Amino acid sequence: MTAYKSELLRLLDTRGYIHQATDANALDALASKEVVPGYIGFDATAPSLHVGSLVQIMLLRRLQQSGHKPIVLMGGGTSKIGDPSFKDEARKMLTTDLIGENIASIKRIFERFLTFGDGPSDAVMLDNSEWLDALEYIPFLRDVGQHFSINRMLSFDSVKLRLDREQSLSFLEFNYMILQAYDFMELSRRTGCRLQMGGSDQWGNIVNGIELTRRMDSVEVFGVTTPLITTADGGKMGKTVSGAVWLHEDQLPSYDYWQFWRNTDDRDVGRFLRLFTDLPLDEIARLESLQGSEINAAKIALANAATAMCRGEEAALQAAETARRTFEEGAAGGDLPSINVTDTVSLIDALVALDFVVSKKEARRMIQGGGARVEGEVVSDENAVILRQTAAVKISAGKKKHGIISFS
RNA sequence: GGACAGGUGGCCGAGUGGUUAAAGGCAGCAGACUGUAAAUCUGCCCGGUUUUCCGUACGCUGGUUCGAAUCCAGCCCUGUCCA
């Protein structure tokens, strides 16, 4: 890699965000002399985002940190179609109302990571239904459609995958890449946007947008993709004991969010610190070099920083303190999941109520397998009950899931 | 519209009349070992239950049969080729 001149490219490069880039040197030159508005598109198919989108969010944050303007593009229009890229099946289509709600909810997440406003490098959020909804078919085909070659579109990996797997790809979905390319051009016209970023699976779509913009407007725009963030053992990032790792606190308690980062694989710690925290690089280098069980200190630093950014300083401190008390002292920390019952409950019901297991059957198996503990003591009687008492009782399922039952 | 192939548990994928809640793999969960890591080994892995008892399940709806994921009919969906 050549040394970049611009703050932006240096930052992205050293922190490991760049997988592919179109004409990096020209982008570097541009970024070192003017404010570059750059965008990333996000789905509006769910009311929240999970850590799978965090690299993208951080990428916009880095853009802003280096003095440029992040544009969050919500796919309100394209969500009505669904991106077929690398998906096995067509997505369900959503109603307009639902999409609107999702966008409002997602905005709250971005406010944690970006500064919105009217200044030159303040973030803005746009919705592509603004222009997509108004498109007229014939003019669109004539002006935009003529620039796309079916032969070429068929050669894209995203499409080939579906065809090779003998899965249907509807015309509707096939149009997705055209609309996404159109988005880039539209943003370039409306906001002077010069850069689109995205995950590596978006490369094809991004390149299409660059070409379309050049052909129609003779404007040079750029693309950068991030590497696919997988965990060291090859899995997709973003699963916890209880499902997806949501960024919204009403969908995932901050304690669980903290735990997610705390449980990072050794081999991922340095990479994640660079990508997902603002810690200085020399500090990261130090943490990363810790050996053996000392690496746990780095994981705690990662969890603290990542949680603080997404959930606030306070939530991070609380989660860290709960974890310390729970794991180091074996006590019951205050932030643990808890349920309140009025009378004696069976251990099985308690495990189910705490969401540690999804069914009573599973609770039984957990107990039989010796994975259930009450106040730290293994309970192997599956009919065990927890008597009503004044003090709260700590219930554990496995080594990591702990919860509290209190009586009222 | 026609011909052919296919639709099985979270995913992949066996199974062509009974002992099949359905091989095997992946993912997941628990135990051992550890460092709330990885790797490895062991167990579990549809639901309910007073535990070999009930319910539900192999695209959908009916039928044949003592008995069907397995046979028959119709329908729906997917793919390939032809029109």
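Chain A is the first sequence line, chain B the second, and so forth, proteins listed ahead of strands; every chain is numbered from 1. The shown structure was predicted, so the numbers you read here are calculated from the model rather than taken from an experiment.
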Worksheet item: Rounded to whole angstroms, how far apart are CG on A/Asn263 and P on B/rU34?
Response: 19 Å
Discussion item. Restricting to non-hydrogen atoms, name the atom on A/Ala372 and the atom on A/Leu351 that form the minimum distance, rounded to 0.1 Å.
Written reply: CB-CD1, 4.3 Å
Worksheet item: Do A/Gln64 side-chain atoms and A/Ser121 backbone N/O form a donor-acceptor pair below 3.5 Å?
Response: yes
Practice prompt. Give A/Thr326 one of three labels, base, sugar-phosphate or nothing, depending on what nucleic acid heavy atoms sit under 4.0 Å from its own.
Written response: nothing
Worksheet item: Which one, B/rU36, B/rU34, B/rU49, comes nearest to the side chain of A/Lys361?
Response: B/rU49
Practice prompt. Give A/Trp261 one of three labels, base, sugar-phosphate or nothing, depending on what nucleic acid heavy atoms sit under 4.0 Å from its own.
Written response: nothing
Item to complete: Report the nucleotide, chosen from B/rG47, B/rU51, B/rA37, that has the shortest atom-to-atom distance to any side-chain atom of A/Ser359.
Response: B/rG47
Worksheet item: Within 45 degrees of the axis of the six-membered ring of A/Phe116 and under 6.0 Å from its centre: does A/Lys107 put its NZ or CZ there?
Response: yes
Discussion item. Output the rounded distance in Å from CZ (A/Arg365) to C1' (B/rU51).
Written reply: 13 Å
Item to complete: Using a cut-off of strictly less than 4.0 Å, decide whether A/Lys401 has a side-chain nitrogen or oxygen near OP1 or OP2 of B/rC29.
Response: no
Item to complete: Hey, which sits more toward the 5' end of RNA chain B by its nearest nucleotide, A/Gly371 or A/Ile348?
Response: A/Gly371
Worksheet item: Does a donor on one side chain sit under 3.5 Å from an acceptor on the other, for A/Glu186 and A/Asn128?
Response: no
Worksheet item: Can you tell me how far P of B/rG31 sits from CD1 of A/Ile367, to the nearest Å?
Response: 13 Å
Practice prompt. Please check the phosphate of B/rC46 (OP1 and OP2 only) for any side-chain N or O of A/Arg364 closer than 4.0 Å.
Written response: no
Discussion item. At 4.0 Å (heavy atoms only), tell me whether A/Lys360 reaches a base, stays on the sugar-phosphate, or touches nothing.
Written reply: sugar-phosphate
Practice prompt. Taking atom P in both B/rA38 and B/rC29, compute the distance separating them and give it to the nearest angstrom.
Written response: 10 Å
Worksheet entry | Whole-Å P distance, B/rC71 and B/rG7 | 11 Å
Worksheet entry | Nearest to side-chain heavy atoms of A/Lys299, which nucleotide of B/rG35, B/rA30, B/rU51 | B/rG35
Discussion item. From the set B/rG47, B/rU36, B/rU34, return the single nucleotide nearest to any side-chain atom of A/Glu362.
Written reply: B/rG47
Worksheet entry | Length of the line joining A/Gln259:CD and B/rA37:P, which is rounded to integer Å | 10 Å
Item to complete: Taking atom P in both B/rU19 and B/rA68, compute the distance separating them and give it to the nearest angstrom.
Response: 11 Å
Practice prompt. Using atom CD1 of A/Ile295 as one end and atom P of B/rA38 as the other, report the distance to the nearest whole Å.
Written response: 13 Å
Discussion item. Rounding to an integer number of angstrom, what distance separates B/rC26 and B/rC81 when you compare their C1' atoms?
Written reply: 34 Å
Item to complete: Rounded to whole angstrom, note down the C1' distance from B/rG55 over to B/rU51.
Response: 16 Å
Practice prompt. Remember a base hit wins even if backbone is also touched, and classify A/Glu328 as base, sugar-phosphate or nothing at under 4.0 Å, heavy atoms.
Written response: nothing
Worksheet item: Mind checking whether A/Phe260 and A/Tyr257 have parallel, tilted or perpendicular rings, split at 30° and 60°?
Response: tilted
Response to the item:
What one should report as the nearest heavy-atom pair of A/Ile395 and A/Phe356 is O-CE1, 3.9 Å
Worksheet item: How far does the P atom of B/rU42 sit from the matching atom of B/rG48, given to the nearest Å?
Response: 28 Å
Worksheet item: Rounding to a whole Å, what distance do you find between A/Phe327:CZ and B/rU34:P?
Response: 18 Å
Response to the item:
Pairing partner of B/rC46, by Watson-Crick or G-U wobble and under 3.5 Å for both distances, is B/rG55
Worksheet item: For A/Ala323, which contact category applies under a 4.0 Å heavy-atom criterion: base, sugar-phosphate, or nothing?
Response: base
Worksheet item: Can you name the nearest heavy-atom pair linking A/Asp343 to A/Phe407, along with the distance?
Response: O-CE2, 3.6 Å
Response to the item:
When rounded to whole Å, the CG to P distance for the pair A/Asn383 and B/rU51 reads 9 Å
Worksheet item: Counting side-chain heavy atoms from CB outward, which of B/rA38, B/rU36, B/rA30 is closest to A/Asp265?
Response: B/rA38
Practice prompt. Rounded to the nearest angstrom, tell me the gap between atom CD in A/Gln368 and atom P in B/rU49.
Written response: 13 Å
Item to complete: Could you pick out which residue, A/Gly398 or A/Tyr255, lies toward the 5' side of RNA chain B when each is mapped onto its nearest nucleotide?
Response: A/Gly398
Worksheet item: So, is A/Lys400 close to the B/rU34 phosphate, meaning a side-chain N or O under 4.0 Å from OP1 or OP2?
Response: no
Worksheet entry | Residue-phosphate contact under 4.0 Å: A/Ser293 side-chain N/O, B/rA37 OP1/OP2 | no
Worksheet entry | Distance test, side-chain N/O of A/Thr264 to OP1/OP2 of B/rA37, below 4.0 Å | no
Worksheet entry | Rounded C1' spacing from B/rG9 to B/rU61 in Å | 22 Å
Worksheet item: For atom C1', what is the distance between B/rG63 and B/rC54, given to the nearest Å?
Response: 27 Å
